[in-house]
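Working notes, beginning with the structure itself.
All values below come from the heavy atoms of this structure, side chains included, with hydrogens, waters and symmetry mates left out.
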Amino acid sequence: QVQLMESGGASVQAGGSLRLSCEASGYTGSWKCMAWFRQAPGKERERVASLLTGTSVTYVVDSVKGRFTISQDNAKNTVYLQMNSLKPEDTAMYYCARRSDIYNSCSVQASDYNYWGQGTQVTVSS
């Protein structure tokens with residue numbers, strides 16, 4: 001049973017930084033696409049960043065480019081989302097997601113991800 005556990009969410013002031021962590025467990029073999037999504041109240045879940053594990057292939061949505069960075073630590077089975085220069089519009093529940101290993105690419109669609117964490121709340125005040 002694959003499990004994803006996020007941590008690191010908090011309430012911060014605009015301009016601050018946070019690092020979210022997502023630890024994966026309960027699987028065998030190599031895992032490929034890992035992503036961070038976020039969902040604000042009344043809005044659809046949005047892919048913020050993703051990466052293909054073991055490669056340098058990463059993606060971040062335009063609204064966070066230059067501020068957010070996704071990275072991995074394979075030894076710890078952990079994916080991170082470093083968030084700098086936070087803005088009030090970054091306020092959302094942030095979720096870690098993994099796509100089935102039968103796929104060699106990531107997807108923008110939340111429905112294409114098979115495993116999800118419980119989410120961690122990020123609140124940015126002005």
Give the intermediate values and the outcome of side chain to side chain contact (heavy atoms under 4.5 Å, CB included) for residues Ser63 and Glu46. CA-CA 11 Å; Ser63 60; Glu46 169 192 40; 4.2 Å; yes

Measure the spacing between [atom1] of [X] and [atom2] of [Y] and express it to the nearest 0.5 Å.
| X | Y | atom1 | atom2 | value |
| --- | --- | --- | --- | --- |
| Ser25 | Leu4 | OG | CG | 7.5 Å |
| Met93 | Arg38 | CE | CZ | 14.0 Å |
| Arg98 | Asn114 | CZ | CG | 8.5 Å |

Check: Arg99 side chain, Ser105 main-chain N or O, donor-acceptor pair, under 3.5 Å: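 The answer is yes, because a donor-acceptor pair under 3.5 Å joins these two groups.
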
Leu52 backbone acceptor or donor facing Lys32 side chain under 3.5 Å: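 No.
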
ring-ring contact (aromatic ring centres under 6.0 Å, His included) against Phe37, all qualifying residues, sequence neighbours excluded: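 In terms of ring-ring contact (aromatic ring centres under 6.0 Å, His included), with neighbours along the sequence ignored, Phe37 is linked to Tyr113, Trp116.
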
Quick one: which of Cys96, Ser50, Cys106 gives a side chain to side chain contact (heavy atoms under 4.5 Å, CB included) with Met34?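 The passing option is Cys96.
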
Is there a path of hydrophobic side-chain contacts, each under 4.5 Å between heavy atoms of I/L/V/M/F/W/Y residues, joining Val61 to Leu86?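 Result: yes, single cluster for both.
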
Please answer: with hydrophobic residues joined when any side-chain heavy atoms are less than 4.5 Å apart, are Tyr59 and Tyr95 in the same cluster?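 No, it is not one cluster - the side chains of Tyr59 and Tyr95 are not joined through contacts under 4.5 Å.
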
Compare all side-chain heavy atoms of [X] with those of [Y] and state whether any distance is below 4.5 angstrom.
| X | Y | value |
| --- | --- | --- |
| Val79 | Ile70 | yes |
| Val122 | Leu20 | yes |
| Phe68 | Leu18 | no |

Using the test side-chain contact (heavy atoms from CB on, under 4.5 Å), find all partners of [X] that sit at least two apart in sequence or belong to another chain.
| X | answer |
| --- | --- |
| Gln109 | Ser107, Ser111, Asp112 |
| Thr123 | Ser11, Thr91, Gln121 |
| Tyr80 | Arg19, Ser21, Ser71, Asp73, Lys76, Thr78 |
| Gln118 | Met5, Glu6 |

Return each pair, listed once, that meets salt bridge (Lys or Arg N to Asp or Glu O under 4.0 Å) where at least one residue sits in residues 47-69; pairs must be two or more places apart or across chains.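 Output for this query lists Asp62-Lys65, Arg67-Asp90.
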
